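All values below come from the heavy atoms of this structure, side chains included, with hydrogens, waters and symmetry mates left out. Just so we're clear, the structure is a prediction, and the values are computed from it rather than from any experiment. Per chain, numbering begins at 1; letters A, B, ... match sequence-line order.
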There are 2 protein chains.
Amino acid sequence: MGKPPVGAGRPPTSVDIARAAGTSQATVSRALNGGRVAAATRERILAISRELGYTPNAAARSMVTSRTGLVGVVVSDLTNPFYPEFLEEIAACLGARRQHMLLQNAAGGDEDAVELLLQQRVDGIVFTAAVEGSAAVAGLVARRFPVVLANRVVDAGCDTVEGDHPAGAAAVVDHLAGLGHRRIAVLAGLPGASTSARRLAGIRDRLAERGLPEARVVETGFDYDRAVRAATELLTGPHPPTAIVGLNDQVAFAALNAAAALGVPVPARLSVAGFDDVRQASWPTLGLTTVRQPLAAMAARSVALLNERVDDPSLAPRHEVLPAELVVRSTTGPRPEAREP
Amino acid sequence: MGKPPVGAGRPPTSVDIARAAGTSQATVSRALNGGRVAAATRERILAISRELGYTPNAAARSMVTSRTGLVGVVVSDLTNPFYPEFLEEIAACLGARRQHMLLQNAAGGDEDAVELLLQQRVDGIVFTAAVEGSAAVAGLVARRFPVVLANRVVDAGCDTVEGDHPAGAAAVVDHLAGLGHRRIAVLAGLPGASTSARRLAGIRDRLAERGLPEARVVETGFDYDRAVRAATELLTGPHPPTAIVGLNDQVAFAALNAAAALGVPVPARLSVAGFDDVRQASWPTLGLTTVRQPLAAMAARSVALLNERVDDPSLAPRHEVLPAELVVRSTTGPRPEAREP
DNA sequence: AGTGGGTGTGTATACGTATACACCCACCGG
DNA sequence: CCGGTGGGTGTATACGTATACACACCCACT
């Protein structure tokens, strides 16, 4: 008896609405998208479409408009709390422009992630996981596909947005040096990770400027478990550092936990600092001293740059640096008394 | 001169490949998708498609196959670390089936999120944020749209997967009661959040069974900041509890932090327990006693149930309960000496 | 030599939408 | 009274892919 309004069949189309309303499909499309349609007709069409539970087919629409309103976002590790916070900001910025986020986790290389995003014909891609020399990114840039690197800088000729790593690194070094620390260790990401590389360079430069000994650097790839092991080795080895800087909060927490497991009091015998100012850093139980990244601003600028490039792919690449700020909490303190033999 | 292999133009299509290979578009499609094609022809087509940087248009494909290979996932709060961990599991399960995840954050109601997912014609939706009586979910179920509720149970007639909340809650109560606690407070989610409701019911039941006084319950909506305020009020009020149970780890951490800010030692003067066993719970600096949810299994079963329903939408609704397990760490201890006047 | 089946290919069509174009009608100014 | 204008609508087409169908072969078997 009639076609079932509630059933398993395929979803209603604009043609179904047209038939029900006694108009052409074109008029339905116009009514739904704000074209010139008689008020009465539009009213009728809207009513029917609501009654039928009509939902426009994004695929069909994108075929003719050649725009999807989707923006790809590639992250390297969702469980690093930095990313969820960043993604919420990104999603908010996109939402304001009626765009949506297509998230891809690129744990094992970004080739697959990019491939999927291209198949979905996203309007552009925001990378937060680009590794120096990523073939995937290079390929996109060569094709003039809209790409923004957020919190990452690669020499590829595309737009980038990052915190002021040199300034942040200098602030950490100044803070620790001011507390008397001289044996400073660093937990870094992989050598190819540009964020890590730039923060590390900033630390090295400042140490050199102040005539302080070089830092011991362990590359853990920002992997939590490896960072815990590295910190444990540092603390139980021959000349333990009096301060450990994690190049993101995730590994700084790892250092904190390694110290706790070993019974090393923080900050009495060990100072720890990080980068990002993730939400947990401000927890009283953790109280991590860290370099805050301007999350909201980074997200906003990333989305803005991307959309500008979508509208005009011939733009020259731009590089934006946003201010970063040291937040001192309770994991850093004066260098402990040396108790050499 | 010639068509630019590297340029800003629209991406190459299967027709472009056909033209270059001197075949029909149909043969290209067959060659790319494993149809019967002469070996030599297939080879030539693959070479050309690689050379042109061809990427199939998912929209066009989905129009004819009426399958997108996309699965919608709705979460309520990405910054609750439970979700990133869960999403990684989900993504892994989907990847094994060559499906992909379309993530939606439903902070302010799930209507908009569902609408977008429907427009994208996802094959099905996994909800981790369904609130009791969600109109959006009810509508989907009525239309027989494939839906799975993970870690949520609503009386809507759809598939659900959840941890064993009653057992978990009983284990927490037994543990605390065994330590001598009698004044137990609970930080709960909103009344409509089914996970919260079921865990709370479990706690109440077990307290009653053991003849213990009723728990004081504060509904914070699983919001971190509100949970901190609530815990602070509990601890500074007239009859402070000796134990606080957070109905997820997020709010348990909030209690921990409130205690730390007030200088209340844990577990000496206050015991704290949570639900989920998020990664941070095992950190030595936090060491949260909590009820572990079987994350990987929940993800696997959710994806499996969803796909079974995609293949056969007429299936009767199924409800799976997976074992949960109490993990005792360092935030719970014996009830402190009563120091009444 | 004729039939049958299998292999490789081309032709044609469908999916659902937006939009260029043509058309009709009512109205208004000259 | 007529040409123009503009609002409202229908017709036709394009987007890129998968696939049903038809067809042209070639080989093997009776």
Are the side chains of [Y] and [X] in contact, using a 4.5 Å heavy-atom criterion?
X	Y	value
B:Val122	B:Gln104	no
B:Asn151	B:Phe86	no
B:Arg10	B:Asp16	yes
B:Val126	B:Val303	no

Checklist entry - Going from OG1 on B:Thr128 to OH on B:Tyr83, what distance comes out if it is rounded to the nearest 0.5 angstrom? => result 4.5 Å
Next on the checklist: At 4.0 Å (heavy atoms only), tell me whether B:Ser29 reaches a base, stays on the sugar-phosphate, or touches nothing.
Outcome noted: base
Checklist entry - Just the endpoints, please: which first and last nucleotides of DNA chain D, 5' to 3', lie under 4.0 Å from a heavy atom of chain A? => result D:dG8 to D:dG16
Item to check | Residue pair A:Glu88, B:Asn105: steps toward the side-chain contact (heavy atoms from CB on, under 4.5 Å) verdict | outcome: CA-CA 8 Å; A:Glu88 289 209 333; B:Asn105 198 333; 3.1 Å; yes
Item to check | Sidechain N-carboxylate O distance under 4.0 Å for B:Arg98, A:Asp112 | outcome: no
Atom pairs under 3.5 Å: protein N/O with N/O of nucleotides 7-9 of chain C:
unit_1, atom_1, unit_2, atom_2, d
C:dT9, OP1, B:Thr41, OG1, 2.7
C:dT9, OP2, B:Ala38, N, 2.9

Checklist entry - So, for A:Ala59 and A:Asn57, which heavy atoms are closest and what is the spacing to 0.1 Å? => result N-OD1, 2.8 Å
